[in-house]
Colleague: 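Structure provided below as structure tokens; questions to follow.
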Amino acid sequence: MARGRADGNPRKQLVTTVLVLFIVGGLVYLYSRNSGSSSSIEYTSKSLNTGDDSAVPKTIPVCDDRHSELIPCLDRNLIYQTRLKLDLTLMEHYERHCPMPERRYNCLIPPPPGYKIPIKWPKSRDQVWRANIPHTHLATEKSDQNWMVVKGEKIVFPGGGTHFHRGADKYIASIANMLNFPNNNINNGGRLRNVFDVGCGVASYGGYLLSSDVMAMSLAPNDVHENQIQFALERGIPAYLGVLGTLRLPYPSRSFELAHCSRCRIDWLQRDGILLLELDRLLRPGGYFVYSSPEAYAQDEEDRRIWREMSALVGRMCWKVAAKKNQTVIWVKPLTNDCYLKREPDTQPPLCSSDDDPDAVWGIKMKACISRYSDQVHKARGSGLSPWPARLTSPPPRLADFNYSSEMFEKDMDVWQQRVSNYWKLLGNKIKPDTIRNVMDMKANLGSFTAAFKDKDVWVMNVVPENGPNTLKIIYDRGLLGTVHNWCEAFSTYPRTYDLLHAWTIFSDIIQKECSVQDLLIEMDRILRPKGFIIIRDKRSVVLYIKKFLPALHWDAATKSSVEHDSDQGEDDAVLIIQKKMWLTSESVRVSEK
């Protein structure tokens, strides 16, 4: 076939080209507008017109009952439907995979049939309503280990575990005894506060640590051990859905004094020990790894091989055996860089490069290297943190990473103490001492909102936005817990897991990022328990706009909007406290009850 020749009239060719581009551009524009209007998601712009009621839905539909436990970014059905190519051996299918806008559920998650207001803390540590989490598989599978027992309308938790059949309390005391802590108390005089429990089951280990003033971040994936993290949160125990897979866990370096694995079924030797090196990143100087597993005591050849290779690996990581007894070995991490610097050249695993930021975690791949200490930590021979509870209110050394002074830290505490006090005055008789247990601060900054709860029997998940200052390390240095998150996406938790959400300027941030306000409201409804509360603190125009969504969400304004002058910002903040209604579903009718 002969090639076509060029048009002999350049001017005519130019005009034709311009017309074609104009027509194509117009078609693309019209298509994008139509596809956008038909999408289940409408993204708001930076110039959101908060006075425009046309963007506010009169109703929001209720999802099908089969979605009562939906976790949008950990939805295995989504993975199957979209045929994502994931490496199952690396646990990628248990990592976050969020739906595209056109696949998001733009509806309210219903409670399961027979749902009841959760049992109050501290009774909830030992029992929950069966109807709220109607899954009894673990009671059968782990019947010989005392994980949980079904008793009529309730599921009871005797405190057992794979390696602590006699109870978590006795197991915890035995660990303290192995480490020669005073009075067999695991908190070691307040020097041990933050614990990371990987493969936590139903989090009885973390639940029983609380009585010793020790806070555990209990972690497990959304796997075949159905709903284990949901049970933990229903019990009022801090927990998070996650997995040691390919990405760094959403916690900064040097966050925990102790990591714990009780028969957690993790292959610590895979990929040059990358998972063990991730634990090393999370442990503080002198931190412990408590490992209760067959490899620590069994005598068959395979277990002995694993033990030899694991011992060699942690030795090259400069860990030492602090104690070994029966089924448990405890390793301790070095206080300084001295051991790392004395290793032979080309020793594996290597030290991380000097430009690696060990606190960068959101969407960052794990690295098979050792995170060395900063010069300040090396010289101080440790983190330099005060014992608990002084740790909560003492300016931590890492404040200097943000150029924050002690005076700024103390002022932040004073400001939030006053704000939380005002919140409680606004709530008045709507809450009792046991009304609230699980709290989330959606934009935690330095954690001073949580510090203001020090006299209340609650725990707080402190969330730090992924695109702001990484102040999560300050939060952990204060003896608190938290995670990094992008609020344009769904949070890694089950529905109905928090009693109180605190949203400080979150909606202004969402508008700035051009994400959907309505999506965030629906996500907050998913996370919040029926009868739970939301405290919104934001610009007055934003709060008034959010207030328009209340009828569609089945939310009530628990208090009238109040205005507080923020001298630092030079503008007025509005505060709106909302309560979620208790509504039920049937096969054909959605009934709303006050």
Colleague: Would you say L247 and W362 make side-chain contact, with heavy atoms under 4.5 Å?
Modeller: no

Colleague: Spell out, as yes or no, whether a donor-acceptor pair under 3.5 Å connects the side chain of S212 to the backbone of V214.
Modeller: no

Colleague: Do the non-hydrogen side-chain atoms of L399 and I474 ever get within less than 4.5 Å of each other?
Modeller: yes

Colleague: Can you tell me how the ring of W487 sits relative to the ring of F491, calling it parallel under 30°, perpendicular over 60° and tilted otherwise?
Modeller: parallel

Colleague: Does a sphere of radius 6.0 Å around CG in D272 hold more than 12 heavy atoms from other residues, nucleotides or ligands, not counting ones at 6.0 Å or beyond?
Modeller: no

Colleague: Taking everything shown except N183 itself, do over 12 heavy atoms lie less than 6.0 Å from its CG?
Modeller: no

Colleague: State whether the side chain of Q327 and the backbone N or O of P294 hold a donor-acceptor pair below 3.5 Å, judged by distance alone.
Modeller: no

Colleague: Can T328 and S292 be counted as having a side-chain donor-acceptor contact under 3.5 angstrom?
Modeller: yes

Colleague: Please determine whether a side-chain nitrogen of the Lys or Arg among R391 and D477 lies less than 4.0 Å from a carboxylate oxygen of the Asp or Glu.
Modeller: no

Colleague: Do T497 and E234 meet the criterion of a side-chain donor-acceptor pair at a distance under 3.5 Å?
Modeller: no

Colleague: Take D356 and R248 through the test salt bridge (charged side-chain N to carboxylate O under 4.0 Å, His left out) and record every step on the way to the result.
Modeller: CA-CA 13 Å; D356 175 61; R248 281 180 171 174; 3.1 Å; yes

Colleague: CD1 of I475 to OG1 of T483: how many Å apart, nearest 0.5 Å?
Modeller: 10.5 Å

Colleague: Are W268 and L279 close enough that some pair of their side-chain heavy atoms sits under 4.5 Å apart?
Modeller: yes

Colleague: Where is the tightest heavy-atom contact between L351 and C369, given as atom of each residue plus distance?
Modeller: C-CB, 3.9 Å

Colleague: Nearest 0.5 Å please: distance from the CG atom of L276 over to the CZ atom of F289.
Modeller: 6.0 Å

Colleague: Does R381 CZ have over 12 foreign heavy atoms under 6.0 Å away?
Modeller: no

Colleague: Do the side-chain N and O atoms of H135 and E69 include a donor-acceptor pair separated by under 3.5 angstrom?
Modeller: yes

Colleague: Please determine whether a side-chain nitrogen of the Lys or Arg among K120 and D499 lies less than 4.0 Å from a carboxylate oxygen of the Asp or Glu.
Modeller: no

Colleague: So does K123 have more than 12 non-hydrogen atoms from other groups sitting under 6.0 Å from NZ?
Modeller: no

Colleague: Has K325 got more than 12 heavy atoms of other residues, nucleotides or ligands less than 6.0 Å from its NZ?
Modeller: no

Colleague: Side chain of K333, backbone of Y288: donor and acceptor closer than 3.5 Å?
Modeller: no

Colleague: Under a 3.5 Å distance rule, please check whether Q418 uses its side chain to pair with a backbone N or O of V415 as donor and acceptor.
Modeller: no

Colleague: For R130, look at atom CZ and say whether over 12 heavy atoms of other residues, nucleotides or ligands are found less than 6.0 Å away.
Modeller: no

Colleague: Can you tell me how far CZ of R96 sits from OG of S492, rounded to the nearest 0.5 angstrom?
Modeller: 4.0 Å

Colleague: Between W331 and W319, how do the two ring planes meet: parallel, tilted or perpendicular, split at 30° and 60°?
Modeller: tilted

Colleague: Is there a donor in the side chain of T450 and an acceptor in the side chain of N462, or the other way round, less than 3.5 Å apart?
Modeller: yes

Colleague: Looking at Y115, does the NZ or CZ of R496 lie under 6.0 angstrom from its six-membered ring centre and within 45 degrees of the ring axis?
Modeller: yes

Colleague: Just do the side-chain contact (heavy atoms from CB on, under 4.5 Å) check on L277 and I370 with the steps written out, would you?
Modeller: CA-CA 6 Å; L277 289 160; I370 299 171; 3.7 Å; yes

Colleague: Checking side-chain polar atoms at under 3.5 Å, does R478 have a donor or acceptor matched by the opposite partner on S448?
Modeller: yes

Colleague: Answer yes or no for R235 and F157: cation-pi contact, defined as NZ/CZ to six-membered ring centre under 6.0 Å and angle to ring axis within 45°.
Modeller: yes

Colleague: List the steps and the verdict of side-chain contact (heavy atoms from CB on, under 4.5 Å) for Y208 and Y171.
Modeller: CA-CA 10 Å; Y208 278 81; Y171 174 68; over 6 Å; no

Colleague: If you define the side chain from C-beta out and look only at heavy atoms, does anything of N194 sit under 4.5 Å from R284?
Modeller: yes

Colleague: Is a donor from one side chain sitting under 3.5 angstrom from an acceptor on the other, for N184 and N177?
Modeller: yes

Colleague: Please test L192 against F181 for side-chain contact (heavy atoms from CB on, under 4.5 Å), starting from the C-alpha separation and ending with a verdict.
Modeller: CA-CA 10 Å; L192 194 153; F181 287 171; 3.9 Å; yes

Colleague: Does R125 use its side chain to pair, donor to acceptor, with the backbone of I237 at less than 3.5 Å?
Modeller: no

Colleague: Cation-pi check, R526 to Y494: give yes when NZ or CZ is under 6.0 Å from the six-membered ring centre and within 45° of the ring axis, no otherwise.
Modeller: no

Colleague: Tell me if a side-chain donor or acceptor on W129 pairs with a main-chain N or O of I117 at a distance below 3.5 Å.
Modeller: yes

Colleague: Between E407 and K411, is the closest basic N to carboxylate O distance under 4.0 Å?
Modeller: no

Colleague: About how many Å separate CG of D169 and OG of S211, when rounded to the nearest 0.5 Å?
Modeller: 8.0 Å

Colleague: Does some side-chain heavy atom of H485 sit less than 4.5 Å from a side-chain heavy atom of E466?
Modeller: no

Colleague: Looking at side-chain heavy atoms only, is the closest gap between N188 and L179 below 4.5 Å?
Modeller: no

Colleague: For S394 and A390, indicate whether the former's side chain and the latter's backbone hold a donor-acceptor pair under 3.5 Å.
Modeller: yes

Colleague: I would like to know whether E309 and R305 meet salt bridge (charged side-chain N to carboxylate O under 4.0 Å, His left out); could you show each step before the answer?
Modeller: CA-CA 6 Å; E309 293 185 19; R305 179 193 66 81; 2.9 Å; yes

Colleague: Enter the distance from F453:CZ to Y423:OH here, rounded to the nearest 0.5 Å.
Modeller: 9.0 Å

Colleague: One pair to check against side-chain contact (heavy atoms from CB on, under 4.5 Å): M215 and R193. What are the steps and the verdict?
Modeller: CA-CA 6 Å; M215 291 286 286; R193 167 65 178 174; 3.1 Å; yes

Colleague: Main chain of S371, side chain of R281: is a donor-acceptor contact present, judged purely on distance under 3.5 Å?
Modeller: no

Colleague: Hey, does F196 have a side-chain heavy atom less than 4.5 Å from the side chain of L258?
Modeller: no

Colleague: Go through R308 and E301 one step at a time and tell me if the salt bridge (charged side-chain N to carboxylate O under 4.0 Å, His left out) criterion holds.
Modeller: CA-CA 10 Å; R308 286 193 300 270; E301 189 53 38; 3.4 Å; yes

Colleague: Using salt bridge (Lys or Arg N to Asp or Glu O under 4.0 Å) as the criterion, list what pairs up with D441, not counting sequence neighbours.
Modeller: none

Colleague: When you check the side-chain N and O atoms of W459 and N438, is any donor under 3.5 Å from an acceptor?
Modeller: yes

Colleague: Do Y498 and T493 have side-chain atoms, one donor and one acceptor, less than 3.5 Å apart?
Modeller: no

Colleague: Take the angle between the ring planes of Y205 and H260 and call it parallel below 30°, perpendicular above 60°, tilted in between.
Modeller: parallel

Colleague: Short question: side chain of T347, backbone of R343 - any donor-acceptor pair under 3.5 Å?
Modeller: no

Colleague: Rounded to the nearest 0.5 Å, how far does SG of C73 lie from CD of E95?
Modeller: 13.0 Å

Colleague: What residues form a side-chain contact (heavy atoms from CB on, under 4.5 Å) with S124, not counting sequence neighbours?
Modeller: I119, W121

Colleague: Applying ring-ring contact (aromatic ring centres under 6.0 Å, His included), which residue pairs with at least one partner in residues 363-402 are found, sequence neighbours left out?
Modeller: F402-Y404

Colleague: Does E153 have more than 12 heavy atoms from other residues, nucleotides or ligands lying within 6.0 Å of its CD?
Modeller: no

